[in-house]
Protein chains: 2
Amino acid sequence: MLPAQPNQSLIDGLSVLQALAGSGKSIGSRELARMLDMEPTKANRLLKTLAAIGVAQQQPDKKYAPGPGMHVLSAQSLHGSGLIRQAVPHLETLKAPGMIVAMGVLWRDKTCYLYHANHDTPTHVAMGAAELYPASMSGIGLVMLASLQNQQVRDLYHNHDIAGFENVSALIKQLKEIREQGYAVANPENKFTTVALGLGDNPTYAAIALSSRQMNPSQINSAVEQLKEARQLIKSQRGEG
Amino acid sequence: MLPAQPNQSLIDGLSVLQALAGSGKSIGSRELARMLDMEPTKANRLLKTLAAIGVAQQQPDKKYAPGPGMHVLSAQSLHGSGLIRQAVPHLETLKAPGMIVAMGVLWRDKTCYLYHANHDTPTHVAMGAAELYPASMSGIGLVMLASLQNQQVRDLYHNHDIAGFENVSALIKQLKEIREQGYAVANPENKFTTVALGLGDNPTYAAIALSSRQMNPSQINSAVEQLKEARQLIKSQRGEG
DNA sequence: AAGCATGTTGCTATATTAGCACCATCTATT
DNA sequence: AATAGATGGTGCTAATATAGCAACATGCTT
C-alpha cells in the first residue's frame with residue numbers, strides 16, 4: 001500500500017530503470033519516453049540521473065544502456081536474499097529428461113522466471129532466464145496470484161484482459177481451488193502440464209514448478225510430491241523450517 | 001555527469017534500494033535512516049514507496065526486505081546485458097586447481113564481484129558472489145580505475161583514504177603503468193597475486209581476473225595470455241569483435 | 001540544403017517533498 | 001502493572017524540486 005506521501009519521482013525513476021533493464025539494448029530518452037508514455041524532458045532527466053550514479057551509462061551515441069550499478073544491484077540482491085543460492089541446488093536435483101524445472105516470482109500481472117531449465121541447461125543460462133509470461137497462464141503465476149487477496153487480484157486486472165480466462169471471476173474461482181488444494185496445475189495450450197507450489201507464506205515470495213508434456217493424474221501427484229520435498233529442503237535451509 | 005535538473009528523490013531512493021539489497025537481512029526504517037544519515041520520515045516514505053511497487057516488501061514485523069521486484073530487476077539486468085550469459089562459459093574454462101577466476105565491476109571505490117570461483121565452486125555460488133572489496137587492492141578494481149580519467153579518480157577518493165596506497169598520486173602513478181601495459185597485477189597482503197584485464201573500451205564495463213598464490217613473472221605472463229584469449233572470445237560473442 | 005528527429009537546457013508556475021510534532025504500538029525494564 | 005524508550009506511521013505547512021513548454025545544437029536522411 002502506498003504511504004501517506006508516496007515518492008512519485010522514485011516510482012517513475014524505477015519504471016525507467018525497469019524499462020532499461022528489460023529492453024536488452026541501449027535506448028534513447030525520447031524513445032523511452034514514448035514507451036512509458038512519459039514527457040520526454042522528464043525521461044531524459046531521469047535517465048541522466050541514473051547515468052550519473054552509475055546505474056545506467058551513456059554510450060558514445062548518447063543513448064543509454066544498463067550500467068555497472070545495475071549489475072551491482074543485481075548481484076547484491078541475488079546474494080542478499082539468498083533465494084537463488086539456497087534454492088538452486090535443490091532445483092537441480094529435480095532435473096530430468098523431458099522435464100522443465102522453474103522458479104519465479106509474480107511481477108505485476110506477469111510471471112518472471114528466476115530459474116528456468118530442462119535437464120541439459122547449464123546453470124548460468126538457467127539463472128539468466130528473466131522471461132516474462134502472463135501470470136494467469138503459468139503455474140507459478142497462478143500460485144502466486146492465489147496467495148493474494150481476491151481484491152488485490154481484481155485491482156491487478158482492473159480493465160485488463162486476463163490471458164486464458166473469460167473474466168476476473170473465472171480466475172478467482174480457480175484461485176480458490178488452488179488455495180484449497182495447495183498447489184496449481186496449468187495447461188497452457190493444452191500441450192504442457194505445469195505443477196507449481198508456493199514458497200513461504202505471508203508473503204509467498206516465490207514459487208517453484210515442474211512442467212512436462214501432458215501429465216496424467218498420477219504423474220501430477222508425483223510432481224507435487226517432488227516439489228513438496230524440494231520446498232521442505234529449501235525452507236529448512238532458509239531457516240524457516 | 002549530473003543533468004541540469006537532477007532528480008534527488010531518485011538518487012536517495014536508489015541509495016535506500018542499494019542498502020536494502022546489500023544488507024542481506026530485513027531492516028527497519030529508522031535503522032536504515034541512521035545507516036544512510038537520512039531523516040527518518042524520508043527513509044520511511046521511500047521504503048514504503050518501494051514496498052508499494054513490489055521492489056521491497058514489508059514483513060509481519062513491519063521491517064523491510066528485498067521484494068520480488070528486486071529479483072525481477074536483477075534477473076532482467078543479468079539477462080538484458082548478456083554479460084553473464086556470454087562471459088561465464090569462457091570464465092569456466094579458466095578454472096584450475098589453486099586458481100581463482102573472477103569477473104567484476106567498479107562500484108564507487110569498491111570492486112563488486114559478479115563471478116568469483118575457484119575450481120570447485122558451483123556456478124550458482126560463483127554468480128551469487130557480490131562481495132565488495134576496496135578497488136585499490138583488487139586487480140579488477142585497479143584495471144577499472146585505470147580506465148577512468150585521473151581527475152575522476154581524484155574525485156572518487158576526495159577526502160578518503162586509499163587502501164594500499166599512501167595518497168592519490170601514488171595510485172595514479174600505478175594506474176599510468178597499468179594503462180601502458182594493458183593489464184593490472186595486484187598483490188594484496190603479499191600472499192596472492194592477481195592479474196586482471198578490462199573488458200570493453202570506452203567504457204570499460206567490467207574486468208576479468210585470475211588469482212593464485214604468489215606468481216612468478218612467467219606465471220604472470222601465462223595468466224595474461226589466458227585472460228587475453230578469454231577476452232577475445234567474450235568480445236566476439238558480444239559482437240564487439 | 002532542407003527537413004526531421006534527437007539530446008539537452010533555461011525558465012517559472014506548480015506540485016511535491018522536508019521535517020517537525022505527534023500518535024499508536026511494541027518491548028524491555030522497573 | 002506501570003513506565004520508559006524504541007519503532008512505524010501520519011498530518012501539516014513552509015520550502016523546495018519538478019513539470020513541461022519553448023528553444024538550441026547536433027546528427028541523420030532525403
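Since the structure is predicted, the reported quantities are computational estimates derived from the model, not experimental observations. Any value given below was found using the heavy atoms of this structure, including those in side chains, with hydrogens, waters and symmetry copies removed. Quick note on labels: first sequence line is chain A, next is B, and so on, each numbered from 1.
Taking atom NZ of A:K42 as the reference point, atom C1' of C:dT9 lies 18 Å away to the nearest angstrom. Here C:dT14 presents its P atom at 16 Å from CD of B:Q5, a figure rounded to the nearest Å. When rounded to the nearest whole Å, the span between CD of A:E39 and C1' of C:dA15 equals 15 Å. Separating the CZ atom of A:R30 from the P atom of D:dG27 is a distance of 16 Å, rounded to the nearest angstrom. Here the C1' atom of nucleotide D:dG8 and the CZ atom of B:R45 are 12 Å apart, to the nearest Å. The distance from atom CD of A:Q8 to atom P of D:dA19 is 9 Å, rounded to the nearest whole Å. For the pair A:I27 CD1 and C:dT6 C1', the interatomic distance rounds to 14 Å; values are reported in whole Å. Atom CG of B:L32 and atom C1' of D:dT7 are 14 Å apart (whole Å).
OP1 or OP2 of D:dG9 has at least one side-chain nitrogen or oxygen of B:N44 nearer than 4.0 Å. One finds no side-chain N or O of B:T41 lying less than 4.0 angstrom from the OP1 or OP2 phosphate oxygen of C:dA18. Residue A:N7 places none of its side-chain N or O atoms closer than 4.0 Å to OP1 or OP2 of C:dT16. An OP1 or OP2 oxygen of C:dT6 is reached within less than 4.0 angstrom by a side-chain nitrogen or oxygen of A:R34.
Near DNA chain D, meaning a heavy atom under 4.0 Å from it, residues 47-68 of chain A has no residue at all.
By the 4.0 Å N-to-carboxylate-O rule, B:K173 lies too far from B:E177 to be salt-bridged with it.
Heavy-atom distances to DNA chain C give each of A:L10 and B:P3 a nearest nucleotide, and the one nearer the 5′ end belongs to B:P3.
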